[in-house]
Visitor: 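Just dropping this structure here.
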Amino acid sequence: MIKSMTAYSRCSKTTSDGRYTLELHSVNRKIMDFAIYLPKDLLRFDVDLRKWLAQELERGQITVRLLVQHENINSDSNYILQLKESKEKWENISRELGYNPDKTIDFPFVLSHFSPPIYFNQAEEEKIKTFLFELTQEGLKQLLRMKCEEGKALEIDLQNRLKNIEEALQKIHQKKELPIERYRKRILEVLKTYQANSPDLVEKTGREVAIFAEKMDIAEELMRLETHIFHFRNYLLSSEKAVGKILEFLMQEMQREINTLASKSNDSEINP
């Protein structure tokens with residue numbers, strides 16, 4: 001099954017010190033490239049996140065955002081002081097950008113953009129690491145599900161397009177000899193006007209038709225195009241993880257054969 005490169009997932013889990021929300025966003029890219037945004041106190045888990053994600057994802061631009069919202073707000077003076085400092089910082093930024101802080105900086109905004117320091121010992125660090133691993137696995141599960149759904153829709157579209165091409169090829173097979181036959185009759189008519197009942201008439205007509213038929217022969221292009229479609233469909237249904245480049249190559253070759261077939265044909269229905 002093919003998988004789309006574009007997908008998004010968002011999942012949240014609540015612990016004793018707040019609510020953790022993980023966002024994963026994947027877009028097309030030839031290599032694996034991570035952009036990971038973590039609260040400064042959780043930067044130590046950056047390498048672990050990359051490793052967990054790389055086990056399931058092979059390539060693409062993967063953006064990871066971890067948001068932490070502390071729900072158990074108390075009267076701790078240090079905590080409130082940090083909130084005030086954060087509010088003042090955003091108000092200053094708002095003024096510098098020409099906005100009115102009274103309208104743009106409210107309490108929900110300050111909370112959503114505030115991440116107080118998290119202090120934990122070795123045991124707590126392992127606990128948080130396990131928690132982040134579970135959160136990442138849930139996010140990956142959702143992301144891969146969306147990739148598969150998008151990939152299935154893409155597969156259906158591609159199968160329909162292949163079917164349309166095959167139906168067109170069947171019609172071309174039925175008509176490929178007609179231009180040659182029309183040309184042969186036309187040559188006969190022209191030669192008859194110059195030298196009726198000439199003993200060389202059949203020989204001359206045969207040579208002309210043979211040359212024309214060789215130039216217009218599209219059997220090789222039809223065979224190659226059918227072979228490309230066969231391989232394309234096999235790779236489309238393949239269990240291999242990365243077939244995008246192969247499918248892209250086959251599409252280029254199919255386009256090449258179609259262009260050659262159209263240029264060699266002398267039939268308006270084949271080469272409109």
Side-chain angles (χ1 to χ4, degrees), residues 3-90 92-93 105-151 241-242 244:
K3 297 177 182 176
S4 172
M5 291 297 297
T6 304
Y8 173 83
S9 71
R10 177 186 176 95
C11 58
S12 300
K13 287 184 179 292
T14 302
T15 66
S16 57
D17 69 354
R19 184 173 182 82
Y20 290 69
T21 301
L22 180 70
E23 293 182 327
L24 300 177
H25 180 216
S26 171
V27 295
N28 188 29
R29 194 154 191 179
K30 292 183 178 180
I31 62 173
M32 176 67 78
D33 187 18
F34 290 110
I36 299 181
Y37 303 93
L38 300 175
K40 60 182 179 180
D41 298 288
L42 298 178
L43 287 176
R44 69 189 73 186
F45 301 111
D46 181 280
V47 175
D48 295 303
L49 273 170
R50 293 174 187 270
K51 181 179 66 176
W52 299 334
L53 294 169
Q55 290 175 351
E56 298 292 340
L57 305 173
E58 294 189 349
R59 68 185 184 93
Q61 170 70 55
I62 313 297
T63 302
V64 183
R65 295 183 185 276
L66 180 64
L67 308 175
V68 182
Q69 291 179 303
H70 294 270
E71 299 176 347
N72 298 325
I73 300 177
N74 53 42
S75 59
D76 186 288
S77 59
N78 187 49
Y79 189 95
I80 294 176
L81 178 62
Q82 292 170 2
L83 277 174
K84 288 181 178 179
E85 292 176 350
S86 178
K87 179 175 179 293
E88 292 175 359
K89 179 191 71 174
W90 286 110
N92 291 334
I93 293 175
I105 310 301
D106 55 12
F107 187 62
F109 177 91
V110 175
L111 284 181
S112 64
H113 291 78
F114 178 66
S115 179
I118 302 173
Y119 302 102
F120 37 74
N121 55 35
Q122 184 65 32
E124 292 171 334
E125 180 175 338
E126 290 299 322
K127 182 179 178 180
I128 291 179
K129 181 177 179 180
T130 301
F131 170 78
L132 288 179
F133 174 78
E134 294 172 352
L135 186 63
T136 303
Q137 294 304 306
E138 177 61 29
L140 275 171
K141 181 179 178 181
Q142 295 182 19
L143 190 77
L144 293 173
R145 184 187 304 122
M146 185 173 182
K147 280 176 170 285
C148 290
E149 291 173 354
E150 294 286 332
K241 291 186 177 180

Visitor: Going from OH on Tyr37 to CG on Asp46, what distance comes out if it is rounded to the nearest 0.5 angstrom?
Guide: 11.5 Å
Visitor: So Phe133 and Thr130, do their side chains get closer than 4.5 Å, heavy atoms only?
Guide: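 No, every pair of side-chain atoms sits at 4.5 Å or beyond.
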Visitor: Quick check for you: to the nearest 0.5 Å, what is the distance between Phe45 atom CZ and Lys129 atom NZ?
Guide: 8.0 Å
Visitor: Does Gln55 reach the side chain of Lys51, with side-chain heavy atoms less than 4.5 Å apart?
Guide: yes
Visitor: Find the distance between CZ (Phe34) and CG (Leu49) and round it off to the nearest 0.5 Å.
Guide: 9.0 Å
Visitor: Kindly give the heavy-atom pair with the smallest separation between Met146 and Tyr8, and that separation in Å.
Guide: SD-N, 3.2 Å
Visitor: Can you tell me how far the CD1 atom of Ile105 sits from the CD1 atom of Ile93, to the nearest 0.5 Å?
Guide: 8.0 Å
Visitor: Would you compute the distance between atom CG of Leu24 and atom OG1 of Thr136 and round it to the nearest 0.5 angstrom?
Guide: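 So the CG of Leu24 and the OG1 of Thr136 are separated by 7.0 Å.
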Visitor: Give the minimum heavy-atom separation between Leu144 and Glu56, together with the two atoms involved.
Guide: CD1-OE1, 3.8 Å
Visitor: Looking only at heavy atoms, what is the nearest atom pair of Gly139 and Ser9, with distance?
Guide: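 Heavy atoms of Gly139 and Ser9 come nearest at O-OG, 2.9 Å.
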Visitor: Identify the residue among Arg50, His25, Met32 that makes a side-chain contact (heavy atoms from CB on, under 4.5 Å) with Ile62.
Guide: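 When Arg50, His25, Met32 are each tested with Ile62, the side-chain contact (heavy atoms from CB on, under 4.5 Å) holds only for Met32.
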Visitor: Quick one: do Glu125 and Arg44 make a salt bridge, cutoff under 4.0 Å?
Guide: yes
Visitor: Does NZ belonging to Lys89 count more than 12 external heavy atoms closer than 6.0 Å?
Guide: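 Enclosed.
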Visitor: Would a 4.5 Å heavy-atom cut-off, applied to side chains only, mark Leu132 and Leu22 as touching?
Guide: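 The answer is no, as the side chains (C-beta and beyond) never meet within the 4.5 Å cut-off.
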Visitor: Please round to the nearest 0.5 Å and tell me the distance separating atom CE of Met5 and atom CZ of Arg29.
Guide: 10.5 Å
Visitor: Do Leu135 and Leu66 have side chains that get closer than 4.5 Å, going by heavy atoms?
Guide: yes
